[in-house]
Amino acid sequence: MKKYERAWLMKSEPCCYSIDDLMRDGVTPWEGVRNYQARNFMWRDMKVGDLVFFYHSNEKPSHIAGLGEVASEPYPDKTQFDPKDEYFDPKATKEKPRWFLVDVKFKEKFAEPITLPQLKLDPDFATLPLLQKGSRLSILPINSIHAELLVEIGRSV
DNA sequence: GCCAACGTTGGC
DNA sequence: GCCAACGTTGGC
């Protein structure tokens, strides 16, 4: 059996929610995803226990900061129902929620983050979805080969 | 701060 | 259902 059958990369801006926040909280609902493709990954494809790479975007440089894991079945994102919330969606109702999320649990923080330029230099990651042109999706799948390599690199320092 | 690449919205 | 206009993401 493969070590990491399904793995995911989840982006967050450290200003808003960083891996240190996750380390402090232990578990967090991954709120605020308002993109259907990203939602579908959480809704249909993620399974409890899947490995999560925690990515800090808009950093200098951006980097993979550590690991988490999927910690719940999908359920409706409560922020879509709250008119005062920045993620409020007037078209969503409790009977017909639009946005689903999963909980993410903290696993570990890398001593040295894996940076974006570093990944670009490594031919092993040429096909990594994160590095493809125009890849703006906030949740991306990571195949088992890449997952194993990334864990190795992250822990090797 | 700029801007390319996307995604979404809404008029028709 | 098309497509222009607009908004957002995220690297640089």
Side-chain angles (χ1 to χ4, degrees), chain A residues 6-25 28-46 50-70 74-104 106-143 145-147 149-154 156-157:
Chain A
R6 267 181 316 272
W8 308 92
L9 181 133
M10 299 173 86
K11 297 183 185 175
S12 179
E13 300 195 32
C15 63
C16 312
Y17 198 86
S18 73
I19 193 149
D20 292 322
D21 295 321
L22 183 61
M23 184 156 57
R24 183 199 60 217
D25 295 342
T28 195
W30 203 260
E31 290 171 343
V33 169
R34 292 295 179 268
N35 171 286
Y36 287 106
Q37 247 182 298
R39 178 206 65 178
N40 289 344
F41 284 140
M42 291 198 284
W43 194 25
R44 298 205 295 241
D45 301 324
M46 284 189 184
D50 282 0
L51 186 66
V52 170
F53 292 92
F54 198 111
Y55 182 81
H56 285 163
S57 61
N58 277 319
E59 279 299 279
K60 295 172 183 170
S62 296
H63 56 270
I64 299 173
L67 303 175
E69 72 178 41
V70 176
Y75 62 96
D77 182 340
K78 67 173 169 33
T79 63
Q80 70 192 303
F81 307 125
D82 180 359
K84 292 187 293 295
D85 197 281
E86 63 169 315
Y87 296 118
F88 175 61
D89 183 344
K91 289 178 184 157
T93 63
K94 299 219 172 175
E95 294 71 38
K96 279 200 133 185
R98 269 195 175 191
W99 306 108
F100 288 79
L101 53 68
V102 297
D103 289 342
V104 175
F106 176 77
K107 267 176 93 94
E108 68 181 73
K109 181 181 174 179
F110 291 153
E112 284 289 327
I114 308 174
T115 70
L116 193 58
Q118 183 184 347
L119 288 173
K120 285 182 173 168
L121 287 174
D122 190 334
D124 285 339
F125 294 113
T127 59
L128 193 70
L130 176 70
L131 302 186
Q132 303 317 302
K133 195 180 173 187
S135 146
R136 296 187 316 171
L137 215 51
S138 64
I139 299 178
L140 293 163
I142 304 273
N143 72 34
I145 299 164
H146 286 152
L149 281 171
L150 288 171
V151 170
E152 217 170 276
I153 296 168
S156 69
V157 186

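Below, read A as the first sequence line, B as the second, and so on, with proteins coming before strands; counting in each chain starts at 1.
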Atom-to-atom span, [atom1] of [X] to [atom2] of [N] - whole angstrom:
X        : N      : atom1 : atom2 : result
A:Lys133 : B:dC3  : NZ    : P     : 17 Å
A:Leu131 : C:dT9  : CG    : C1'   : 16 Å
A:Leu119 : C:dC12 : CG    : P     : 11 Å
A:Arg34  : B:dC6  : CZ    : C1'   : 19 Å
A:Glu59  : C:dT9  : CD    : P     : 16 Å
A:Gln132 : B:dA4  : CD    : C1'   : 16 Å
A:His56  : C:dG10 : NE2   : C1'   : 15 Å
A:Leu140 : B:dA5  : CG    : P     : 18 Å

Report summary line: Side-chain atoms of A:Arg136 come closest, of C:dG11, B:dG10, B:dC6, to B:dC6
Report summary line: With the side chain defined as heavy atoms from C-beta on, A:Ser138 is closest, among C:dG10, B:dG10, B:dA5, to C:dG10
Requested in this report: Measure from the side-chain N and O atoms of A:Lys11 to the backbone N and O of A:Leu137, and report whether any donor-acceptor pair falls under 3.5 Å.
Outcome: yes
Query - A:His146 side chain to A:Asp124 backbone, donor-acceptor under 3.5 Å - result: yes
**Report entry** A:Arg98 with A:Asp77: basic N within carboxylate O range, under 4.0 Å
**Finding:** no
Under 4.0 Å from OP1 or OP2 of [N]: is there any side-chain N or O of [X] that close?
X        : N      : result
A:Lys60  : C:dC12 : no
A:Lys11  : C:dT9  : no
A:Tyr36  : B:dC6  : no
A:Lys120 : C:dC12 : yes

Report task. Determine the contact category for A:Glu13: base if any of its heavy atoms lies under 4.0 Å from a base atom, sugar-phosphate if only primed atoms, P, OP1 or OP2 are that close, otherwise nothing. Result -> nothing
Query raised in the report: Looking just at side-chain N and O atoms, do A:Thr79 and A:Arg34 make a donor-acceptor pair shorter than 3.5 Å?
Result: yes
Query raised in the report: 5'-most contact on DNA chain B: A:Ser135 or A:Lys91, nearest heavy atom basis?
Result: A:Ser135
Query raised in the report: A:Trp30 and ring pair (Phe, Tyr, Trp, His ring centres under 6.0 Å): which partner among A:Tyr87, A:Tyr75, A:Phe41, A:Phe54?
Result: A:Phe54
